[in-house]
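Reminder, nothing fancy here: chain letters follow the sequence lines and each chain counts from 1. Atom set for the values below is all heavy atoms of this structure, side chains included, hydrogens, waters and symmetry mates excluded.
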There are 2 protein chains.
Amino acid sequence: MKPVTMADVARKAQVSKSTVSQYLNKRYDYMSEQTKVRVEEAISELGYQPNIVARSLKQKSTKTIGVIVANILHTFSTEVSRAIEDVCHGEDFHTIICNADDDPVKEKRYIEMLRAKQVDGLIVFPTGDNRDLYKKMLDEQYPLVFLDRSVPDIPASSIMLNNEKAIELAVDHFVQKGNERIAIMTTSFIDKVTPRYERVEGYKKALRNRNIEVNEEYIQCVDPEIIPLTLKQMLALSTPPDCIIAGNDFVLKEILRFSKQESLSIPEDLSVIGIDDVPYASFYNPSITTVAQPTFKMGKMAAELLLEKIKKKQVQDDLSEYRFEPTLMVRESVN
Amino acid sequence: MKPVTMADVARKAQVSKSTVSQYLNKRYDYMSEQTKVRVEEAISELGYQPNIVARSLKQKSTKTIGVIVANILHTFSTEVSRAIEDVCHGEDFHTIICNADDDPVKEKRYIEMLRAKQVDGLIVFPTGDNRDLYKKMLDEQYPLVFLDRSVPDIPASSIMLNNEKAIELAVDHFVQKGNERIAIMTTSFIDKVTPRYERVEGYKKALRNRNIEVNEEYIQCVDPEIIPLTLKQMLALSTPPDCIIAGNDFVLKEILRFSKQESLSIPEDLSVIGIDDVPYASFYNPSITTVAQPTFKMGKMAAELLLEKIKKKQVQDDLSEYRFEPTLMVRESVN
DNA sequence: CTGAAAGCGCTTACAG
DNA sequence: CTGAAAGCGCTTACAG
């Protein structure tokens, strides 16, 4: 099954390839109505579809961007990706999404693979551990936007949550309700990257502002597998926390699972606030109070910023951080 | 920033482009150790990365497949996509995932777009409404695999759940627990495509086998937005159902939301079984009994089948349906 | 208003 | 063991 090419169309329509190309690119300026019709007919009769690979090679643009998410299993990643796709779609760009699984080696492989595929730009949730690679892209003026995280001393534009504020919202809500023994749990700490760090700092600061003493035992950054064990230990403390902030949807899930298994009542035995507004939060029993990130807005901004960089070739030094504000979704999981 | 090309490497290493190409493709057979080293050094000094677009054009293969899911918001789609990606990754193939949103127009656009991008094959969750297009691909011997659904009279290989069995598992479980007023709710009926149809037929058959009369009022195929209303009406029937099968994760979510809002207890007031083992099923209160699809196996099979077709060019007439068996996950939502 | 020609960055027979 | 040349399917100045 030999696919039909532009040459076939040209032959059939009795014109040159150039003319067919002009037609396809809607440059009708100097084209007679007659040839237009002939080309049109030839195309539809042959069922011709242009070969985008060939076009890309010539034009040095694939109209495709790559996005490398840290971990596709997080709700956050999925929602942001959707927003990115929506924006790109509107601009006639395509999106290839890759999942680095929080692994710097995979991240590197994907960045190289996507660049080899000539994507016009990259949105990455950086692991933080490929500093040389990030730098190289920046040096080459390659269109790049970071999302969710920034990397110290790497001056790439990055779209981030106001992480301190997010934690402050949670702490405030707990305090207002009369709770002071507030724990926070996140998944293991990557210090090459900002947000987890910011969340813990934000936590300490929020407590201090309210004259609550910081208890280091209430701060846990652990591997996912040992969340249940860590919870158990924390709740067995002589003065256990009465409420807990789940640093992401994964931690939240583990807390809920643990509570169910141990027959802990939420919020009677333990109040919970999750960062990230998981899809089931509103109809869980009890419904879960969360701090929502404006995922759609963040994805949209990232895509728009990247497309802009791609278009006006010279990447401005708008290397700032774009911070987005979180929202507290008050529901039933706080006593 | 001019990207470095094969010609630059050749010049630097003082060899021809052919030799560089041989080197890249690991055809060292007749290459002296010396040139090998020279090429290697030139590549690393220049930081050369081959342009895959150019290679694809020449080789007429992009080592990329497309997958068009019906609706990315279903857990099923996400999980299957992951499995597909895993398999492809192992075979050095890439994956582009598109979301047709159950819209035949979008589906068509994506199929054409992906083919224009020269993907080597396609896995599609067909809407069923682009029959001509499906036929055309088959006629052209274009590598194609359907997933989740088959389309009547379109003899493409398709990977499917044993839908009748799935419903039978649910009905049986309800009946064993002593329930006979069993309702089923799915999202609106697309009759161009098999599974929803099969689920309703399977339901009827399962009831008949157990000598339970089929009550048409208990069978609802509705648009997502009117699920709450429909539930309300159904439960207001003179003899309302005492249990319900949620045809997919979306319906399940609406049922749970409705129950919470109306203070219905599950399973006391209404027993529920969901088709698709949603991530929160095991830790919801109450935990939800579901019928799980072997999503990973199904995705794996689809990918393997497609890659095989891509490799041995001639597509066998293995146009059969591959059926996968569901599993009942017994939990707390059935009385 | 339309066509001939060059070129995008590779790969691949083929010659030597 | 290595290189010159053709060609993948397009686009784009340029000439006429």
Side-chain angles (χ1 to χ4, degrees), chain A residues 1-40 42-43 46-64 92 112-113 115-120, chain B residues 1-40 42-43 46-64 112-120:
Chain A
M1 216 67 202
K2 206 142 178 54
V4 5
T5 107
M6 187 175 261
D8 299 327
V9 176
R11 202 173 310 122
K12 176 139 198 158
Q14 314 249 51
V15 299
S16 75
K17 288 192 297 169
S18 323
T19 304
V20 178
S21 179
Q22 309 284 20
Y23 174 86
L24 286 174
N25 294 293
K26 308 205 192 307
R27 306 213 32 138
Y28 304 132
D29 315 8
Y30 300 101
M31 199 173 298
S32 71
E33 191 56 31
Q34 205 204 126
T35 43
K36 207 150 93 178
V37 172
R38 278 224 306 277
V39 173
E40 197 168 349
I43 286 177
L46 295 171
Y48 169 70
Q49 291 276 121
N51 180 329
I52 293 191
V53 172
R55 171 184 298 169
S56 299
L57 177 58
K58 181 67 193 174
Q59 293 192 155
K60 293 163 161 303
S61 155
T62 51
K63 294 269 247 169
T64 303
D92 236 3
E112 287 174 346
M113 178 280 262
R115 293 209 53 188
K117 287 197 127 190
Q118 311 299 115
V119 298
D120 296 340
Chain B
M1 215 67 202
K2 206 149 176 53
V4 3
T5 109
M6 187 176 260
D8 300 326
V9 176
R11 203 172 311 121
K12 175 139 199 158
Q14 315 248 50
V15 298
S16 75
K17 289 191 298 168
S18 325
T19 305
V20 178
S21 178
Q22 309 284 20
Y23 174 85
L24 287 173
N25 293 292
K26 306 203 192 310
R27 305 215 33 140
Y28 303 133
D29 315 9
Y30 300 100
M31 199 175 296
S32 71
E33 192 56 31
Q34 207 204 123
T35 43
K36 207 150 93 178
V37 172
R38 278 223 306 275
V39 173
E40 197 168 348
I43 287 177
L46 296 172
Y48 169 70
Q49 289 277 121
N51 180 328
I52 293 190
V53 172
R55 172 184 296 169
S56 297
L57 177 59
K58 183 66 193 175
Q59 292 191 153
K60 293 163 161 300
S61 154
T62 51
K63 295 270 248 169
T64 303
E112 286 173 347
M113 179 281 263
L114 288 169
R115 294 208 55 187
K117 287 199 126 190
Q118 311 298 113
V119 299
D120 296 340

Quick one: [X] [atom1] to [N] [atom2], roughly how many Å, whole number?
X	N	atom1	atom2	result
Arg11(B)	dG3(D)	CZ	P	14 Å
Tyr23(B)	dG3(D)	OH	P	16 Å
Leu24(A)	dT11(D)	CG	P	6 Å
Ile52(A)	dT11(D)	CD1	P	10 Å
Met6(B)	dT12(C)	CE	C1'	11 Å
Gln49(A)	dC10(D)	CD	P	11 Å
Asn51(B)	dT11(C)	CG	C1'	13 Å
Gln34(A)	dC1(C)	CD	C1'	11 Å

- Message: Side chains of Lys17(B) and Val20(B), heavy atoms from C-beta outward: is any pair under 4.5 Å?
- Response: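 With C-beta onward as the side chain, the pair stays apart.
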Spacing of [atom1] belonging to [X] relative to [atom2] belonging to [Y], to within rounding of 0.5 Å:
X	Y	atom1	atom2	answer
Asn51(B)	Gln49(B)	CG	CD	10.5 Å
Arg38(B)	Ile43(B)	CZ	CD1	13.0 Å
Leu57(A)	Lys58(B)	CG	NZ	12.0 Å
Met6(A)	Thr19(A)	CE	OG1	10.0 Å
Ser21(B)	Arg55(B)	OG	CZ	7.5 Å

- Message: Using the side-chain heavy atoms of Arg55(A), tell me which of these nucleotides is nearest: dT12(C), dT2(C), dC10(D).
- Response: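 In terms of side-chain proximity for Arg55(A), the closest of dT12(C), dT2(C), dC10(D) is dC10(D).
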Quick one: label [X] by what it contacts on the DNA or RNA (base, sugar-phosphate, nothing), any heavy atom closer than 4.0 Å.
X	answer
Ser32(A)	sugar-phosphate
Ser56(A)	nothing
Tyr48(B)	sugar-phosphate
Val15(A)	sugar-phosphate

- Item | Dot-bracket notation for DNA chain D, counting Watson-Crick and G-U pairs under 3.5 Å, with | for partners on another strand | |||.||||||||.|||
- Message: Taking the nucleotide of DNA chain D with the nearest heavy atom to each, does Val53(A) or Thr35(B) sit closer to the 5' end?
- Response: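 On the 5' side of the pair lies Thr35(B).
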- Look at Ser21(A) and dC10(D) and indicate whether a side-chain polar atom (N or O) is within less than 4.0 Å of OP1 or OP2.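 Looking at the OP1 and OP2 atoms of dC10(D), neither is under 4.0 Å from any side-chain N or O of Ser21(A).
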Could you list the protein-to-nucleotides 4-8 of chain C atom pairs, N/O on both sides, closer than 3.5 Å?
| from | atom 1 | to | atom 2 | distance (Å) |
| --- | --- | --- | --- | --- |
| dA4(C) | N6 | Ser18(A) | OG | 2.4 |
| dG7(C) | N3 | Lys58(A) | NZ | 3.3 |
| dC8(C) | O3' | Lys60(A) | NZ | 3.1 |

- Query: Under the side chain to side chain contact (heavy atoms under 4.5 Å, CB included) criterion, do Val9(B) and Lys12(B) qualify, and how do the steps go?
  - Reply: CA-CA 5 Å; Val9(B) 176; Lys12(B) 175 139 199 158; 5.8 Å; no
- Full working for side-chain hydrogen bond (donor to acceptor under 3.5 Å, both in side chains) between Lys117(A) and Thr64(A): CA-CA 9 Å; Lys117(A) 287 197 127 190; Thr64(A) 303; over 6 Å; no
- Query: Can you check whether Ile52(A)'s main-chain N or O pairs, donor with acceptor, with Ser56(A)'s side chain at less than 3.5 Å?
  - Reply: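 Here the side-chain-to-backbone pair exists.
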